[in-house]
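Quick note: residue numbers are just sequence positions, from 1. Computed over heavy atoms, backbone and side chain alike; hydrogens, waters and symmetry mates excluded.
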Amino acid sequence: GWVANNPAGVQLYLELDAEATQLAIGELLTDLPAVARVDGFSVHEVPSQHVEGFSIAVSEQLGTMATEISRDLAICGDCLAEMRDPTNRRYGYPYITCTNCGPRYSVITALPYDRENTTMAPWVMCEACLAEYRDPMDRRFHAEPIACWDCGPNYVLYNLNPVGNFAPTDLCGPSAIAAVAELLSAGAIVAIKGIGGYHLAGDASNETAVEELRQAKFRKDKPFAVMAQNLDRVQELCVVSGTAKEALLSSGAPIVVMPSRLELPGVAPDSDQLGVMLAYAPLHHLLFDAGAPKFLVMTSGNRSSEPISYLDSDALERLAGIATAVLVGERPIARRLDDSVCFGDGPAPLLRRSKGLSPGFVADIGHDGTIVACGADLKSTVAVAFGHKVLVSQYLGDLQYHEVQLSHRRTVADLIEMYKIDRSSVLLCADAHPQYFSGALAQSYAEEFGAGEPVRIQHHRAHIASVLAEHSMWDQNVVGVALDGTGYGDDASIWGGEFFAGSLRGGFKRITSIGEGRLLGGEAAARRPLQALAGFLQDESAWGLMAKDVFGIDSGTYRVLSSLRISASDAIATTSAGRLFDSMAAICGFGTTMTYEGQAAMWLESLARSAVSGPSDFTEGYRGSYRLGLDDMRRLDYGEMLAQAIQERLEGVDVSSVAMRFHVGFGEAVATVAARIANERQSEAVVLSGGVFQNRVFTQVVVAALGRLGLSVKMNKAVSCNDEGISLGQVAIAAAQFSKLGSSAVREAR
């Protein structure tokens, strides 16, 4: 018989009788290779082709592809053992790989996944590699990226020259790797080419090196990720749960956020958590084996907020002001891929879905057409639906940066080309915000493809839809709670604390929200928690108490904020739960400008976790109320919570207890309102999504409270609950509500 890739998946032709065929299929499904997965199969009897022997046939390339693109995989135990064996011909080889590990999506240039469609195409296999590649009994049988010292790419060390540019040295292979390990041990910052881009590496135990890296990257406070060689090292650093261990050892090799037990000064300021990953590329292990420090900061090769460098020329130019040397790998990277990030335990585990996890099918939809969703502007992703499945891209970044917009374009082009999608048949969709870059990109794709006008989908409905699509809940009536920092509302105000009722096919009606605050000074309030508080605290007497010394606000700042409150009628209205958390952080003592998104809320959560007792012991959280607002809409009012917190600060209550009481009170209030709507609407479940649900303490309170009220809870698992999941939600709503409509009908419906 024979086997081949075709647009529908893997096609296997066997010349066997019926009984032997069933035995063969049974053995195939129960004895799969380590990283293989069968999503479904069918068996048909066909006329005999009278073939001799068994072979791999030429892949078919006609028609829309329906197979999942292979993801990048951490080095396997067999390759690691060979790489460390002095008698093995791949001893010390930094590109060792087999069918069970190594690069996939980061080197694929087209489908089907064959050698000529990867960035390894320029390297012709030597006779020894070719023999392994052709041997069905070898674990490198048709492993497309395989190579060795005799026929494959290498690593070369570049150093800064006197004029501040990087120039190649004579060091390559083992000597280059040994030199980098020595540099890292001496406190230097080195740029290292990995699987999906360049990392900036430094000794995580060297406080001076960490501070120099922060200064060079313009990354004042945001935590760095740390790499360790093995699980024993990680357990020195963190409290590793069973779930965290499973994630660390998984083939996707994500950064796992866990409680820290060892302080690394400057690595994760003001946080009780640490993001750690295991060495996942052969090069990483070679560096540790060569004597690199046991804990390495491994952060994206870029300046703060910029996209990661993945092209050699870009890294050599952009990183000259940060690194003292660059370890350049000769194998090109086809596309940038940041490291994936997840929590070590709890619901909604994903923080960032990228290398090792993307791209991948995350949902099945009952829709035959093709949909391309352009996502949101922050934490941008692209989702493509075809053949009843939805594929979500890797994390792309913030679309305010031109290079990220180019990545968005390349990703859309990649997926359309790889899956042979007819561009003119595509239904495009984007966020409803009229000034989002993602909307402009969707419009440009429509013009380029000759497709209809993009469908605009409200941000928070997309959050809820992303969960329902994951769980294949297309017709169930649910209550949806979307809590985040910002999203364009139906009324052109900034939403962020929303309660919906409805279903994917029937649509979602906004039932209520948290109370309205004001963004005094516009977007600046999203960076300055004290400014957020000035717009959210309605009680003038409570605001007057903020002038007390206990809150540490200088008189000049207080006067400026007070004047902004007086002119608040001109400020933008918002129901942002993210700004509410910022406001509470300001009450608890966060008085500076944030240097990265979510900093104040993360600080507040860490503060709450430091309370002597956990959430279950705080039976008396701050009380909110559910009452009519100025617009005659019933809203969850948080004013009393803020006032109570201010009063307790003045009374000298421990600030960690104040933080915890807010988490408990607001969490239970959210659950109570959701349960009330569920009872009124006879809803089957409560759906939680949005970036606020990355807060583990708060989410724990909400989920527990809903459980006590007898309600089931659904959250994101395959995608992040932050804005990365928006593209999936856009696809789900477009498929459920708009796919049968023409462009004019869509515009009228919205």
Side-chain angles (χ1 to χ4, degrees), residues 479 481-484 496-499 512-517 529 532-533 536-539 542-543 545-546 551 575-590 600-627 629 634-677 686 688 690-709 711 713:
V479 173
V481 183
L483 304 181
D484 64 6
E498 313 308 314
F499 295 77
T512 188
S513 72
I514 70 170
E516 276 195 351
L533 175 63
F536 268 65
L537 189 57
Q538 304 299 321
D539 188 329
W543 173 251
L545 295 174
M546 290 299 296
F551 298 103
T575 55
S576 169
R579 300 296 77 77
L580 176 59
F581 275 83
D582 291 348
S583 298
M584 181 55 67
I587 292 172
C588 289
F590 193 102
M602 290 171 61
W603 176 86
L604 185 70
E605 180 189 4
S606 183
L607 191 64
R609 269 197 300 265
S610 70
V612 176
S613 302
S616 60
D617 295 324
F618 279 76
T619 55
E620 289 296 323
Y622 298 133
R623 297 294 179 184
S625 58
Y626 190 45
R627 59 191 181 192
R634 187 170 290 275
R635 297 181 187 271
L636 196 173
D637 183 55
Y638 49 76
E640 294 174 15
M641 296 183 186
L642 300 180
Q644 289 174 63
I646 291 171
Q647 187 60 44
E648 287 202 343
R649 285 293 321 274
L650 290 171
E651 293 171 359
V653 174
D654 182 74
V655 70
S656 64
S657 295
V658 173
M660 181 62 87
R661 287 194 67 187
F662 168 72
H663 279 78
V664 171
F666 185 52
E668 290 185 341
V670 166
T672 300
V673 172
R676 179 171 177 171
I677 298 170
V686 175
L688 309 176
V692 167
F693 288 106
Q694 292 177 161
N695 182 316
R696 317 307 278 168
V697 175
F698 173 72
T699 302
Q700 178 185 344
V701 173
V702 176
V703 172
L706 288 170
R708 290 195 299 271
L709 294 169
L711 290 164
V713 178

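Using cut-offs of 30° and 60° on the angle between ring planes, the pair Phe698 and Phe666 is parallel.
Of all non-hydrogen atoms in Ala577 and Val692, the two that sit nearest each other are CB-CG2, 4.0 Å. Across all their heavy atoms, Cys588 and Leu604 have their closest contact at SG-CD1, 3.8 Å. Nearest heavy atom pair, residue Ala586 against residue Met546, reads O-CE, 4.4 Å. Residues Gln538 and Glu516 share a closest heavy-atom pair of NE2-O, 3.7 Å. Gly589 approaches Arg649 most closely through the heavy-atom pair N-NH1, 3.8 Å. Smallest separation of non-hydrogen atoms from Leu483 and Phe693: CD1-CZ, 3.7 Å.
Using modelled atom types, no side-chain atom of Glu605 and backbone atom of Trp603 make a donor-acceptor pair closer than 3.5 Å. Judged by distance alone, with hydrogens and angles left aside, the side-chain atoms of Ser606 form no donor-acceptor pair with the main-chain N or O of Met602 at under 3.5 Å. Side-chain N or O atoms of Ser610 include none that pairs as donor or acceptor with a backbone N or O of Ser656 at under 3.5 Å. A donor-acceptor pair under 3.5 Å is absent between the side-chain atoms of Tyr622 and the main chain of Leu642, judged by distance alone.
Between the CG atom of Asp582 and the CZ atom of Phe536 there is a distance of 8.5 Å, given to the nearest 0.5 Å. Here the straight-line distance linking atom CG of Asn695 with atom NE2 of His663 works out to 4.0 Å at 0.5 Å rounding. Between atom CG of residue Leu636 and atom CZ of residue Phe499 there is a gap of 5.5 Å, rounded to the nearest 0.5 Å. Note that CZ of Phe662 and OH of Tyr638 are 10.0 Å apart. Values are rounded to the nearest 0.5 Å. In this structure, Gln644 CD and Arg661 CZ are separated by 6.5 Å, a value rounded to the nearest 0.5 Å. In this structure, the separation between CD1 on Ile587 and CD1 on Ile646 is 4.0 Å, given to the nearest 0.5 Å.
The side-chain contact (heavy atoms from CB on, under 4.5 Å) with Thr699 is formed by just one residue from the set Val702, Val703, Val697; it is Val703.
Side-chain N/O atoms of Ser513 and Arg635 include a donor and acceptor closer than 3.5 Å.
A salt bridge is absent between Glu640 and Arg623: the closest approach of a Lys/Arg side-chain nitrogen to an acidic carboxylate oxygen does not fall below 4.0 angstrom.
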